[in-house]
Amino acid sequence: MHKKPASSDDPRTGLGLVGLFPGGLGLGERLGERTVPTLLLAYAPPVLLLLPTLLILVLALWHARVSRRALLPALLTLALWPLYAGLVWNTPQANPTDAITLLTYNLAGATQGRPERLAAEIRAADADIVTLQETEGVDVDLTRELLALLPEYEHAQAAESRELLTLSRFPVVGTRAVTLPETTRIFLVTTLNTPQGKLTVINVHFSTVLVSRVLQGQVGPTQSRREAQLDILRRETAGLERVIVAGDFNTPPRG
């Protein structure tokens, strides 16, 4: 018996596209950055899958024999796109009385905001702890100026790298740098004495995945570096009762 092939107005034509989004989410959750293909899937801009979805939707609308059943897959795929893009809805919750407020900023080489503005934002948020990345400014000694503006904060910064800075309204009882392989970046591990007891804060700045370097063969090495950094972070947090990891993970919502 001859089977009629699915036409462009057949709802089965678009059902495969619907599976791209939960399939992409599933690969990102299960495999993540363990393989180069799933790494690229995680870091690819969501618009890459939005564009063919919109194209199919437009073609369905213009098709002379379009039916509501034919439009359903395209509309369903369009509805699933925000989930794939990592857009989520967070319900505000009241903080407990003993809550700790932490802010984290990547200052892009101290080019994003002047010390005065940053100090004002920290005070406005009433932050207890602040983790900063890329504080080694070219045209400003951000650490010195920021500390002068925030005398109520203690600070931790490693001699090995001026890139990371941790500020705390709690006493700093210890700090050390954790060197990372094949990069000049570090993890800054700081121990604080809070009213609830000792707290370890790990300020991180993971290596960057640049998909534009795929043709240069640099994604694989970056993937390996990030995996190594994650293993080091796991070792550093193992056995700690109270620890906060904050900073710039260079990871998209789907990563």
Side-chain angles (χ1 to χ4, degrees), residues 28-30 32-34 86 88-107 118-136 142-143 146-147 149-181 183-208 225-255:
E29 288 291 333
R30 293 295 179 181
E33 298 184 21
R34 294 187 183 93
V88 295
W89 178 268
N90 292 318
T91 304
Q93 298 180 358
N95 290 328
T97 56
D98 60 348
I100 291 176
T101 300
L102 183 144
L103 300 181
T104 185
Y105 294 92
N106 184 315
L107 301 177
L118 181 58
E121 290 181 357
I122 291 172
R123 281 215 175 92
D126 196 25
D128 299 302
I129 304 169
V130 185
T131 58
L132 302 173
Q133 303 83 43
E134 295 196 35
T135 59
E136 71 282 29
L142 183 137
T143 299
L146 190 61
L147 293 177
L149 293 167
L150 298 170
E152 67 272 29
Y153 286 84
E154 296 190 23
H155 77 285
Q157 194 168 44
E160 293 88 340
S161 173
R162 310 296 292 177
E163 190 215 10
L164 302 180
L165 174 65
T166 298
L167 305 177
S168 171
R169 290 199 293 202
F170 306 116
V172 175
V173 297
T175 187
R176 60 187 175 88
V178 178
T179 58
L180 305 176
T183 180
T184 59
R185 295 182 180 181
I186 64 169
F187 291 159
L188 184 63
V189 182
T190 305
T191 304
L192 308 176
N193 191 12
T194 74
Q196 295 81 28
K198 291 287 183 7
L199 172 67
T200 300
V201 177
I202 304 181
N203 189 348
V204 303
H205 188 192
F206 273 65
S207 292
T208 306
R225 282 194 294 270
R226 286 174 59 82
E227 286 287 346
Q229 291 165 15
L230 180 58
D231 289 340
I232 292 172
L233 182 59
R234 285 172 175 152
R235 291 198 297 268
E236 289 295 326
T237 56
L240 294 176
E241 293 184 4
R242 301 180 70 242
V243 59
I244 295 176
V245 180
D248 182 3
F249 293 86
N250 273 311
T251 302
R254 305 182 319 280

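This is a predicted model, so every value here is computed, not measured.
With a 4.5 Å cut-off on side-chain heavy atoms, L146 and L167 count as touching. Proximity of Y105 to E121: side-chain heavy atoms (C-beta onward) are separated by under 4.5 Å at one or more points. Taking 4.5 Å as the limit, some side-chain heavy atom of V245 sits within range of a side-chain heavy atom of L233. Between V130 and T166 the shortest side-chain heavy-atom distance does not fall below 4.5 Å. Considering only heavy atoms from C-beta on, F206 comes within 4.5 Å of L230 through its side chain. Contact annotation: the side chain of N250 never approaches that of N106 to less than 4.5 Å [non-hydrogen atoms, C-beta and beyond]. The shortest distance between side-chain heavy atoms of L180 and I232 falls below 4.5 Å. Looking only at side-chain heavy atoms (C-beta outward), T175 and T191 stay at 4.5 Å or farther from each other.
Counting all heavy atoms, side chain and backbone alike, A246 lies closest to T104 at C-OG1, 4.4 Å. In terms of heavy atoms, G247 sits closest to T131 at N-OG1, 4.2 Å.
Take R235 and apply the side-chain hydrogen bond (donor to acceptor under 3.5 Å, both in side chains) test, not counting sequence neighbours, and it matches no residue. Taking F170 as the reference, nothing meets the ring pair (Phe, Tyr, Trp, His ring centres under 6.0 Å) condition, with sequence neighbours excluded.
Taken to the nearest 0.5 Å, the CG atom of D128 stands 4.5 Å off from the CZ atom of R169. Here the straight-line distance linking atom OG1 of T237 with atom CD1 of I244 works out to 13.0 Å at 0.5 Å rounding. Remark: L240 CG to T200 OG1 distance equals 4.5 Å, nearest 0.5 Å.
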Legend entry - Test side chain to side chain contact (heavy atoms under 4.5 Å, CB included) applied to L192 and V172, step by step: CA-CA 5 Å; L192 308 176; V172 175; 3.7 Å; yes

Inset, instruction - Carefully, step by step, assess L150 and I122 under the rule side chain to side chain contact (heavy atoms under 4.5 Å, CB included). - result: CA-CA 9 Å; L150 298 170; I122 291 172; 3.8 Å; yes

Inset, instruction - Before giving the answer on side chain to side chain contact (heavy atoms under 4.5 Å, CB included), spell out for T101 and D126 the whole-Å C-alpha distance, their side-chain angles and the decisive distance to 0.1 Å. - result: CA-CA 7 Å; T101 300; D126 196 25; 5.9 Å; no

Inset, instruction - Starting from the C-alpha separation in whole Å, work towards a yes-or-no answer on side chain to side chain contact (heavy atoms under 4.5 Å, CB included) for H155 and L165. - result: CA-CA 7 Å; H155 77 285; L165 174 65; 4.0 Å; yes

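Listed for the T135 side chain is no donor-acceptor partner under 3.5 Å among the backbone atoms of L132. Here the side chain of R225 pairs no donor or acceptor atom with the backbone of T208 at under 3.5 angstrom.
Contact check on R123 versus E152 returns a salt bridge, with a Lys/Arg side-chain nitrogen under 4.0 Å from an Asp/Glu carboxylate oxygen. With respect to D248 and R185, no salt bridge is recorded, no charged nitrogen being found less than 4.0 Å from a carboxylate O. A salt bridge links E236 with R176: the closest approach of a Lys/Arg side-chain nitrogen to an acidic carboxylate oxygen falls below 4.0 angstrom.
Summarising the local packing, CD of Q196 is surrounded by more than 12 heavy atoms from other residues, nucleotides or ligands at distances under 6.0 Å.
Between H205 and the choices Q229, E163, Q133, the side-chain hydrogen bond (donor to acceptor under 3.5 Å, both in side chains) rule is met once, by E163.
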